[in-house]
There are 2 protein chains.
Amino acid sequence: MTPRPGLNQDMIVDRALQLAEEGGLSTVTMANLARSFSIKPPSLYNHFRNLHEIKQSMALKAQDMLYDHLKKSVNKEVEPVERIQEMAKHYVTFANRYPGIYEASLIAPDLNEGVYQNGEEPLVQLLQKYLEPFSLPDRETIHAIRGLRSLLHGLVDLHKKEGFKLGIEIEESRIYLVEAFLKGIEWNHK
Amino acid sequence: MTPRPGLNQDMIVDRALQLAEEGGLSTVTMANLARSFSIKPPSLYNHFRNLHEIKQSMALKAQDMLYDHLKKSVNKEVEPVERIQEMAKHYVTFANRYPGIYEASLIAPDLNEGVYQNGEEPLVQLLQKYLEPFSLPDRETIHAIRGLRSLLHGLVDLHKKEGFKLGIEIEESRIYLVEAFLKGIEWNHK
DNA sequence: TACTTAAACTAATGCCATTAGTTTGGAGTG
DNA sequence: CACTCCAAACTAATGGCATTAGTTTAAGTA
């Protein structure tokens, strides 16, 4: 049943994420993966159909890791706005500390092929939970989730592009923007 | 002085943007560019040092095109919030109508090598102008610009990924989010 | 011990970017 | 008009990549 069970999908995805972390997503190639296992590239095709499928698996695992990071690090005992601020901070921190994994988490799922339906992704569920105290109508909650994700990703992107340059800290922008955004959400609802 | 001036940088960049528009940025290759001009790939190296430089030039031109689109299509006679709503609408519209060009506009400039300093990019200048009526302190204006860009890009990204799926329209989110965001900005300032 | 089969392999194809070195044709000069 | 020059094309080659087809191998099972 299992002759020579040396490698498996999990090992490959983990190594792929490690490569992404060390040199960026563009260094995740069949050739580099094979090299890292001291095997030849064609051997990888015994475990995945092609590089694209490996990247899809990377995306799912990376999203899980981000989700776990956000979930475990958020204090339940603070008020709603502060809780979202904390979450936002952890989001940005994770993305900056593990840029390769974050990059992998952004890989788009195949159209009509994702494991999650719209709005089913763990991260969306989490944001939805944190927005519950605001008692928004469903439609507005969806808008708010879209807005928050956009703001968070935009801040991460900014940090990557000009984090080293002079200028106003991204951290300060994050605090200001989340604050303003939530205020605007509340105001709009009233 | 000028023997056989057949091709030049502008022609190559224009064709590269055309290829991006037809098949996405990943189809912009030396091989495809050469094919489109009926020449051999090495000939392109007489005009650009490598593919990377071509892509950098594409980014600049694409950013110009986006900027021109936003600039010319905004009505001066409306109130500040409505003006930003219009701009946002045109931003999203442009990105959806010319996905390849928009994709090219996002290519990151080489670190320490861009033609613009921080905050000098035309798009940033435009946003700054539209935010002037809000009379924000300089720091808050910078935060607001960062937030607006993030929201706009996030909406475009969402449209690309799930624009065809069922669900609440991106257009509605745009209207809601810009409205809420600007409300929050004003509130925070008071 | 022999069989089966997954997981490795070799060999090959066809992309791609890039470099080195060569040819060529049009503009300017005598 | 013939000559020179040189930018812009070319050919040939290298080395990287993903992927496929077909072959070998070795570990567990009968």
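What you are looking at is a predicted structure, and each value in this text was computed from that prediction instead of being measured. Letters A, B, ... mirror the listed sequences (proteins, then strands); counts begin at 1.
E186(A) places no side-chain N or O within donor-acceptor distance of the main-chain N or O of F134(A), the cut-off being under 3.5 Å. Judged by distance alone, with hydrogens and angles left aside, the side-chain atoms of E121(A) form a donor-acceptor pair with the main-chain N or O of G119(A) at under 3.5 Å. Distance alone, capped at 3.5 Å, places no donor-acceptor pair between the N96(A) side chain and the P99(A) backbone.
A donor atom on one side chain and an acceptor atom on the other are not found under 3.5 Å apart for D157(B) and H153(A).
To the nearest angstrom, C1' of dA8(C) lies 10 Å from CG of L7(A). Remark: C1' of dA6(C) and CD1 of I39(A) are 14 Å apart, rounded to the nearest angstrom.
A heavy atom closer than 4.0 Å to some atom of DNA chain D occurs in Y45(A), N50(A), L51(A), these being the qualifying members of residues 44-61 of chain A. Applying a 4.0 Å cut-off to non-hydrogen atoms, none of the residues of residues 11-35 of chain B approaches DNA chain D.
For S43(A), the listed nucleotide lying nearest its side chain is dC9(C); candidates were dC9(C), dA9(D), dC10(D).
Between H69(B) and H90(B), the ring-plane angle classifies as perpendicular under the 30° and 60° cut-offs.
Residue pairs satisfying the side-chain hydrogen bond (donor to acceptor under 3.5 Å, both in side chains) criterion with at least one member in residues 13-27 of chain A, sequence neighbours excluded, are listed as follows: D14(A)-K61(A), R15(A)-S36(A), Q18(A)-E22(A).
Residue R83(A) comes nearest to P133(A) through the heavy atom pair NH2-CG, 4.2 Å, listed as atom of the first residue, atom of the second, then distance.
The ring pair (Phe, Tyr, Trp, His ring centres under 6.0 Å) test with Y91(A) is passed by exactly one of Y130(A), Y102(A), Y67(A): Y102(A).
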